[in-house]
Novice: 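Have a look at this one before I ask anything.
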Amino acid sequence: MAMKKYKPVTPGQRNKTISAFDDITTNTPCKSLLEPIKSTGGRNNTGQMTVRYRGGGHKRMYRIVDFLRDKDGQTATVCTIEYDPNRSARIALVQYEDGEKRYIIAPNGLKVGQVIASGSGVAPELGNSLPLAEIPVGTLVHNIELRPGQGAAMARSAGTFAQLAAREGKYAVLRLPSGETRMVLTTCRATVGTVSNPEHNLESSGKAGRSRHLGRRPHNRGVVMNPHDHPMGGGEGRASGGHPRSRKGLPAKGYKTRNPKAVSNRFIIERRKK
């Protein structure tokens, strides 16, 4: 997948680098798999702002993505590779033998016309979804379940993947994108391959307006606020702000917020790297 770097013909094109979208095969989504999605603007059910720096942005429709991949015993043919405004990865429209269409997260390298399948006994090939017990050790996987039948929960964003490092009894050892190593039941499903759009992290919007189109409003640092608005605000001149902390006073940059009594701690072999 290529990146498109613009010449600075206008101020907004200076330093602008975006995806060339050459992997997209259609601009028209499947109408039966669309749902309206309401923009909250960071407000809760009473209209109070609970998340700052959100609002505006282009109106979107939600694409219903199949994270379960539970249609076993049937193969599916890839119809299109599409852009999804709600996620960084590309999505693929697949059609099963009985005519049903579904969206899936497109693995990197998936082509139109390719045949994929899911379920036990399926070959561990690109785009196929099967239990971790049947995937060879060392394989790169994505769309990993945390609990059997839950649906994909890990390694879903652009360019991410996890590596199946080992199998110990009824558990598989996975090395996750964060650097964390953890155990997952071998009955959980994963999809073979890495997630599409791997160069997403190289994108540079070039102008503030592109962030506004995505629904992101200008973000202010705590140091530049008044003491009334932030614990790091106030002081004469350019004060450093003291110990870094959130607006609610919770320490940041190194302070561990994970519950030491969390049940899932026993499944984590090595914590993520700082």
Side-chain angles (χ1 to χ4, degrees), residues 23 25 30 32-33 63-82 84 87 89-177 180-198 264 266-269:
D23 54 341
T25 61
C30 181
S32 62
L33 295 173
R63 278 76 169 160
I64 302 166
V65 178
D66 178 21
F67 289 113
L68 284 170
R69 296 291 298 272
D70 56 354
K71 204 170 175 71
D72 301 345
Q74 290 192 44
T75 57
T77 306
V78 179
C79 301
T80 57
I81 306 292
E82 300 180 19
D84 188 350
R87 64 191 74 250
R90 305 288 183 242
I91 55 174
L93 181 67
V94 298
Q95 185 169 9
Y96 286 89
E97 294 171 2
D98 60 359
E100 185 185 354
K101 290 183 177 181
R102 291 188 183 184
Y103 276 127
I104 63 165
I105 298 287
N108 194 30
L110 193 73
K111 304 292 182 186
V112 173
Q114 196 168 325
V115 177
I116 59 172
S118 60
S120 186
V122 170
E125 296 173 352
L126 179 71
N128 287 355
S129 177
L130 58 158
L132 288 166
E134 300 177 21
I135 299 176
V137 174
T139 306
L140 302 181
V141 293
H142 65 281
N143 275 11
I144 307 152
E145 290 182 328
L146 268 173
R147 292 186 295 275
Q150 177 196 20
M154 298 186 291
R156 299 188 342 186
S157 65
T160 56
F161 60 86
Q163 187 173 28
L164 181 58
R167 264 193 293 269
E168 299 171 2
K170 63 177 182 178
Y171 290 102
V173 179
L174 290 168
R175 196 169 293 112
L176 300 177
E180 178 179 294
T181 306
R182 68 167 292 151
M183 296 188 296
V184 179
L185 285 167
T186 53
T187 49
C188 291
R189 290 191 182 190
T191 306
V192 178
T194 63
V195 185
S196 53
N197 198 16
S264 58
R266 62 194 180 97
F267 298 116
I268 298 172
I269 298 170

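Along the sequence shown, residues carry numbers from 1.
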Novice: Using salt bridge (charged side-chain N to carboxylate O under 4.0 Å, His left out) as the criterion, list what pairs up with R182, not counting sequence neighbours.
Specialist: none
Novice: Does the pair I269 and M183 meet the rule for a side-chain contact (heavy atoms from CB on, under 4.5 Å), with working shown?
Specialist: CA-CA 7 Å; I269 298 170; M183 296 188 296; 3.7 Å; yes
Novice: Rounded to the nearest 0.5 Å, what separates atom CG in N143 from atom CG in L68?
Specialist: 10.5 Å
Novice: Working to the nearest 0.5 angstrom, can you tell me the gap between S32 OG and R102 CZ?
Specialist: 12.0 Å
Novice: After noting the C-alpha distance and the side-chain angles of F161 and V141, does the key distance pass the side-chain contact (heavy atoms from CB on, under 4.5 Å) rule?
Specialist: CA-CA 6 Å; F161 60 86; V141 293; over 6 Å; no
Novice: So, for A155 and A162, which heavy atoms are closest and what is the spacing to 0.1 Å?
Specialist: CB-N, 4.5 Å
Novice: Distance-only, no hydrogens or angles: does the D66 side chain make a donor-acceptor pair with backbone N or O of I104 under 3.5 Å?
Specialist: no
Novice: Going through the checks in order, is the side-chain contact (heavy atoms from CB on, under 4.5 Å) test met by V192 and L130?
Specialist: CA-CA 8 Å; V192 178; L130 58 158; 3.9 Å; yes
Novice: If I compare all heavy atoms of D72 with all of R189, which pair ends up nearest, and what's the gap?
Specialist: OD2-NH2, 2.6 Å
Novice: Kindly compute the distance separating OG1 (T80) from OH (Y103), expressed to the nearest 0.5 Å.
Specialist: 5.5 Å
Novice: Which atom pair, heavy atoms only, marks the closest approach of A158 to V195?
Specialist: CA-CG1, 4.0 Å
Novice: Give a yes or no on whether the backbone of G121 and the side-chain of E134 come within a donor-acceptor separation of less than 3.5 Å.
Specialist: yes
Novice: If I compare all heavy atoms of T160 with all of P177, which pair ends up nearest, and what's the gap?
Specialist: CB-CG, 4.1 Å
Novice: Side chains of L185 and K170: closer than 4.5 Å at any heavy-atom pair?
Specialist: yes
Novice: Under 4.5 Å between any side-chain heavy atoms of Q114 and L126, yes or no?
Specialist: yes
Novice: Would a 4.5 Å heavy-atom cut-off, applied to side chains only, mark I105 and D84 as touching?
Specialist: no
Novice: If you measure from NE2 on H142 to OG on S196, what distance do you get to the nearest 0.5 Å?
Specialist: 7.5 Å
Novice: Under 4.5 Å between any side-chain heavy atoms of T191 and S129, yes or no?
Specialist: yes
Novice: For the residue pair T181 and L174, establish whether any side-chain heavy-atom pair is separated by less than 4.5 Å.
Specialist: no
Novice: Got a sec, which residues hit side-chain contact (heavy atoms from CB on, under 4.5 Å) with A165, two or more places apart in sequence or on another chain?
Specialist: V173, R175
Novice: With side chains defined as the heavy atoms from C-beta onward, is the minimum distance between V184 and M154 less than 4.5 Å?
Specialist: yes
Novice: What pair of heavy atoms forms the shortest contact from P131 to T187, and how long is it?
Specialist: CB-O, 4.4 Å
Novice: I want to check something: taking the side chain as every heavy atom from C-beta on, are K111 and V78 in contact at a cut-off of under 4.5 Å?
Specialist: no
Novice: To the closest 0.5 Å, what do you measure between CG (L110) and CD1 (I81)?
Specialist: 4.5 Å
Novice: Measuring only between side-chain heavy atoms, which start at C-beta, is V122 closer than 4.5 Å to I116?
Specialist: no
Novice: Locate the shortest heavy-atom distance separating Q150 from E145; write the atom from each residue and the value.
Specialist: N-OE2, 3.7 Å
Novice: Rounded to the nearest 0.5 Å, how far does CZ of R63 lie from CD of E82?
Specialist: 7.5 Å
Novice: Where the side chain of N108 meets the backbone of T194, is there a donor-acceptor pair that is under 3.5 Å apart?
Specialist: no
